[in-house]
Amino acid sequence: MPGGCSRGPAAGDARLRLARLALVLLGWISSSALTSSATSSTTSLSFLASAVSAQPPLSGQCPPLCECSEAARTVKCVNRNLAEVPADLPPYVRNLFLTGNQLAELPAGAFARRPPLAELAALNLSGSHLKVVRAGAFEHLPSLRQLDLSHNPLWDLSPFAFWGSNASVSTPSPLVELIVNHIVPPKAEVEKQNLSLEGMVAAALRAGQALRGLRRLELASNNFLYLPRDVLAQLPSLRHLDLRNNSLVSLTYVSFRNLTHLESLHLEDNALKVLHNGTLAELQGLPQVRVFLDNNPWVCDCHMVDMVAWLKETEVVQGKARLTCAFPEKMRNRVLLELNNSDLDCDPILPPNLQTSYVFLGIVLALIGAIFLLVLYLNRKGIKKWMHNIRDACRDHMEGYHYRYEINADPRLTNLSSNSDV
């Protein structure tokens with residue numbers, strides 16, 4: 001079978017050429033696939049890059065030592081001993097807590113940022129050792145509705161703290177709720193600065209019409225002894241006023257007449273002894289007010305007659321059945337609503353105007369006595385010399401009388417005296 005042997009090599013060559021052709025085809029296909037995949041990868045990367053570049057920039061980073069929640073629009077920098085307001089607050093913040101820090105002072109424009117904190121509505125600065133709040137400290141916060149300055153030893157609250165730094169051109173504050181509880185500075189600082197806490201707070205409240213939109217004001221636990229005149233005159237929108245736990249002894253000088261929207265007035269835990277007719281009439285004239293008077297040391301004497309009669313008729317006072325007498329001793333714990341006019345008497349002592357006259361007379365006499373003693377002290381040497389002269393004159397005079405008495409008593413000396421005269 002020589003023919004079969006001769007076809008073997010030719011068939012092998014053909015198979016080899018087919019194999020090489022297949023390899024070439026495979027290589028071309030693979031190279032085409034690689035090229036297309038590379039092209040598609042490049043296109044995908046370009047698309048992703050363009051998509052990333054099209055995204056808006058990040059809304060702001062969270063300041064160090066703070067906790068941020070963009071979903072709740074809240075930033076908390078609590079008990080971090082911060083000495084100043086963080087500079088990199090995110091612009092989305094709506095609720096900002098800066099409690100328990102060491103801020104000491106809020107300068108003008110303390111919250112001025114770029115971009116501005118346009119959405120900040122609630123700011124809590126309680127317990128941050130604030131001593132000084134400058135004019136315009138809360139400027140550039142157009143949406144600020146609630147401000148808490150409680151538990152700070154404030155001794156310098158600028159009258160224009162709630163205005164801009166230039167009060168003459170600033171718009172009124174957007175504040176609706178202002179909480180200023182327990183801002184009592186150290187006693188040493190009060191004496192050093194000759195500070196009147198009541199006057200400082202009143203100046204900030206009645207500066208122009210900065211707080212004419214204020215609806216809630218809390219001034220509890222500040223040891224106020226009195227409320228300055230017209231302290232509430234520039235707060236026509238006020239609805240809730242909290243003055244509990246102070247040391248108020250009277251409401252004589254404060255007027256509630258313009259607070260026509262007032263809904264609640266808290267006067268618990270003060271030192272009120274009686275409410276006089278003027279105050280009673282103003283409270284009765286407020287259409288929707290509720291007054292809270294618990295835990296005051298009411299003095300149940302003849303000056304309480306009008307207030308007891310008013311309490312029996314009015315529905316303004318909440319819990320009026322709980323009000324009891326504290327003085328005098330015989331009236332202690334008697335319920336005010338159960339008292340009659342016959343129970344409310346005054347001791348038979350001098351009338352108040354006569355008491356005042358005697359007190360004034362006593363003061364004048366004491367002053368005259370003090371002046372007399374001062375004059376004696378300043379002229380003590382002259383007075384001593386004058387006393388010595390009087391003593392010597394008295395002594396000479398008494399010796400003359402004694403000599404004459406001896407002569408008159410002895411007859412011999414009397415005759416001798418007569419002879420000598422002759």
**Message:** Closer than 3.5 angstrom, by distance alone: can the side chain of Asn101 be matched with the main-chain N or O of Leu82 as a donor-acceptor pair?
**Reply:** yes
**Item:** Over 12 non-hydrogen atoms of neighbours within 6.0 angstrom of CZ in Arg332
**Value:** yes
**Item:** Reported CD-to-CZ distance for the pair Glu119 and Arg94, which is rounded to 0.5 angstrom
**Value:** 5.5 Å
**Request:** Evaluate whether atom NE2 of His129 has more than 12 neighbouring non-hydrogen atoms of other residues, nucleotides or ligands under 6.0 angstrom away.
**Result:** no
**Prompt:** Taking all atoms of both residues into account, what is the closest heavy-atom pair of Pro297 and Ala326, and its distance?
**Reply:** CA-CB, 3.6 Å
**Item:** Residues, nucleotides or ligands: over 12 heavy atoms within 6.0 Å of Glu67 CD
**Value:** no
**Item:** side-chain contact (heavy atoms from CB on, under 4.5 Å) assessment of His276 paired with Thr252
**Value:** CA-CA 7 Å; His276 296 289; Thr252 303; 3.9 Å; yes
**Message:** For a side-chain contact (heavy atoms from CB on, under 4.5 Å) check, start with the C-alpha distance between Val201 and Leu219, then their side-chain angles and the critical distance, and finish with the verdict.
**Reply:** CA-CA 9 Å; Val201 173; Leu219 296 171; 3.9 Å; yes
**Request:** Report the C-alpha separation of Glu177 and Arg145 in whole Å, then their side-chain angles, then the decisive distance to 0.1 Å, and conclude whether the salt bridge (Lys or Arg N to Asp or Glu O under 4.0 Å) test is met.
**Result:** CA-CA 6 Å; Glu177 182 174 336; Arg145 298 291 185 270; over 6 Å; no
**Request:** Using atom types as modelled and distance alone, determine if a side-chain donor or acceptor of Asn270 lies under 3.5 Å from a backbone N or O of Asn246.
**Result:** yes
**Pairwise side-chain contact, Leu336 with Leu293, heavy-atom cut-off 4.5 Å (strictly under)** = no
**Request:** Begin from the C-alpha positions of Asp156 and Lys131 and carry the test salt bridge (Lys or Arg N to Asp or Glu O under 4.0 Å) through to its verdict.
**Result:** CA-CA 6 Å; Asp156 187 0; Lys131 299 179 178 66; over 6 Å; no
**Item:** Closest contact, heavy atoms only, Glu198 versus Pro228
**Value:** O-CG, 3.7 Å
**Prompt:** Just by distance, do the side chain of Trp155 and the backbone of Val184 share a donor-acceptor pair under 3.5 Å?
**Reply:** no
**Prompt:** Is the shortest distance from a Lys or Arg side-chain nitrogen in Lys330 or Asp343 to a carboxylate oxygen in the other one below 4.0 Å?
**Reply:** no
**Message:** My understanding is that only residues two or more places apart in sequence, or in another chain, count here; which of them pass side chain to side chain contact (heavy atoms under 4.5 Å, CB included) with Asp306?
**Reply:** Asn277
**Request:** I would like to know whether His240 and Ser264 meet side-chain hydrogen bond (donor to acceptor under 3.5 Å, both in side chains); could you show each step before the answer?
**Result:** CA-CA 5 Å; His240 306 280; Ser264 65; 2.8 Å; yes
**Message:** Would you say that Asp301 contacts Phe327 through its side chain, given a criterion of any heavy-atom pair below 4.5 Å between the two side chains?
**Reply:** no
**Request:** Can you establish whether the number of heavy atoms outside Glu84 located under 6.0 Å from its atom CD is more than 12?
**Result:** no
**Message:** With a 4.5 Å cut-off on side-chain heavy atoms, are Asn223 and Leu197 touching?
**Reply:** no
**Request:** Would you sort out whether Ser128 and Gln102 count as a side-chain hydrogen bond (donor to acceptor under 3.5 Å, both in side chains), showing the intermediate values?
**Result:** CA-CA 5 Å; Ser128 287; Gln102 302 288 334; over 6 Å; no
**Request:** Nearest 0.5 Å please: distance from the CD atom of Gln146 over to the CG atom of Leu175.
**Result:** 9.5 Å
**Prompt:** Nearest 0.5 Å, what's the CE-CG distance between Met304 and Asp345?
**Reply:** 13.0 Å
**Asked** Does Leu98 reach the side chain of Asn124, with side-chain heavy atoms less than 4.5 Å apart?
**Response** no
**Item:** CG-CG distance between Asn81 and Leu103, expressed to the nearest 0.5 angstrom
**Value:** 10.0 Å
**Heavy-atom side-chain proximity of Leu241 to Leu243 below 4.5 angstrom** = yes
**Min side-chain heavy-atom separation Pro185-Leu154 under 4.5 Å** = no
**Request:** Might you point out which heavy atoms bring Leu157 and Ala204 nearest each other, and give the distance in Å?
**Result:** CD2-CB, 3.9 Å
**Heavy-atom side-chain contact between Pro236 and Arg212 under 4.5 Å** = yes
**Request:** Using the side-chain contact (heavy atoms from CB on, under 4.5 Å) rule, pick out the option among Leu339, Thr324, Val299 that qualifies with Met331.
**Result:** Leu339
**Asked** Is a donor on one side and an acceptor on the other found under 3.5 Å between the side chain of Lys76 and the backbone of Thr99?
**Response** no
**Asked** Does one side chain, of Ser221 or Asn181, offer a donor that lies under 3.5 Å from an acceptor on the other?
**Response** no
**Item:** Set of ring pair (Phe, Tyr, Trp, His ring centres under 6.0 Å) partners for His266, sequence neighbours left out
**Value:** Phe292
**Request:** Verify the distance criterion only: is there a donor paired with an acceptor across the side chains of His182 and Ser150 at less than 3.5 Å?
**Result:** no
**Request:** Mind checking the CG-OG spacing from Asp148 to Ser126? Nearest 0.5 Å is all I need.
**Result:** 4.5 Å
**Asked** Is there a side-chain contact (heavy atoms from CB on, under 4.5 Å) between Asp269 and Asp294 once you walk through the steps?
**Response** CA-CA 7 Å; Asp269 300 291; Asp294 300 272; over 6 Å; no
**Message:** Determine whether a donor-acceptor pair (N or O, by modelled atom type, separation under 3.5 Å) exists between the side chain of Ser143 and the backbone of Ala118.
**Reply:** yes
**Fill in**
Minimal heavy-atom distance between Cys300 and Pro328, with the atoms involved, is O-CD, 3.5 Å
**Asked** Backbone N or O of Val93 within a donor-acceptor pair of the Arg73 side chain at under 3.5 Å?
**Response** no
**Asked** Does any N or O in the side chain of Arg206 come within less than 3.5 Å of the main-chain N or O of Leu232, such that one atom is a donor and the other an acceptor?
**Response** no
**Item:** Any donor-acceptor pair under 3.5 Å from Asn296 side chain to Leu272 backbone
**Value:** yes
**Message:** If we ignore hydrogens and angles and just use 3.5 Å, is the side chain of Asn245 paired with the main-chain N or O of Ala220 as donor and acceptor?
**Reply:** no
**Prompt:** Hey, mind stepping through Asn295 and Glu268 against side-chain hydrogen bond (donor to acceptor under 3.5 Å, both in side chains) and telling me if it holds?
**Reply:** CA-CA 6 Å; Asn295 300 324; Glu268 306 101 308; over 6 Å; no
**Request:** Please report the shortest heavy-atom distance between Val274 and His303, naming the atom on each side.
**Result:** CG2-O, 3.5 Å
**Short side-chain to backbone donor-acceptor contact, Arg239 and Leu259, under 3.5 Å** = no
**Derivation of the side-chain contact (heavy atoms from CB on, under 4.5 Å) call for Phe97 and Leu123** = CA-CA 6 Å; Phe97 295 85; Leu123 175 58; over 6 Å; no
**Fill in**
Those residues at least two apart in sequence (or on a different chain) that pass disulfide bond (SG atoms under 2.5 Å apart) with Cys302 are Cys346
**Prompt:** Which value, rounded to the nearest 0.5 Å, describes the distance between Leu265 atom CG and Glu263 atom CD?
**Reply:** 12.5 Å
**Prompt:** Does any non-hydrogen side-chain atom of Val85 lie less than 4.5 Å from one of Phe111?
**Reply:** yes
**Message:** I need the minimum non-hydrogen distance between Ala207 and Trp163, along with the two atoms involved.
**Reply:** O-NE1, 3.0 Å
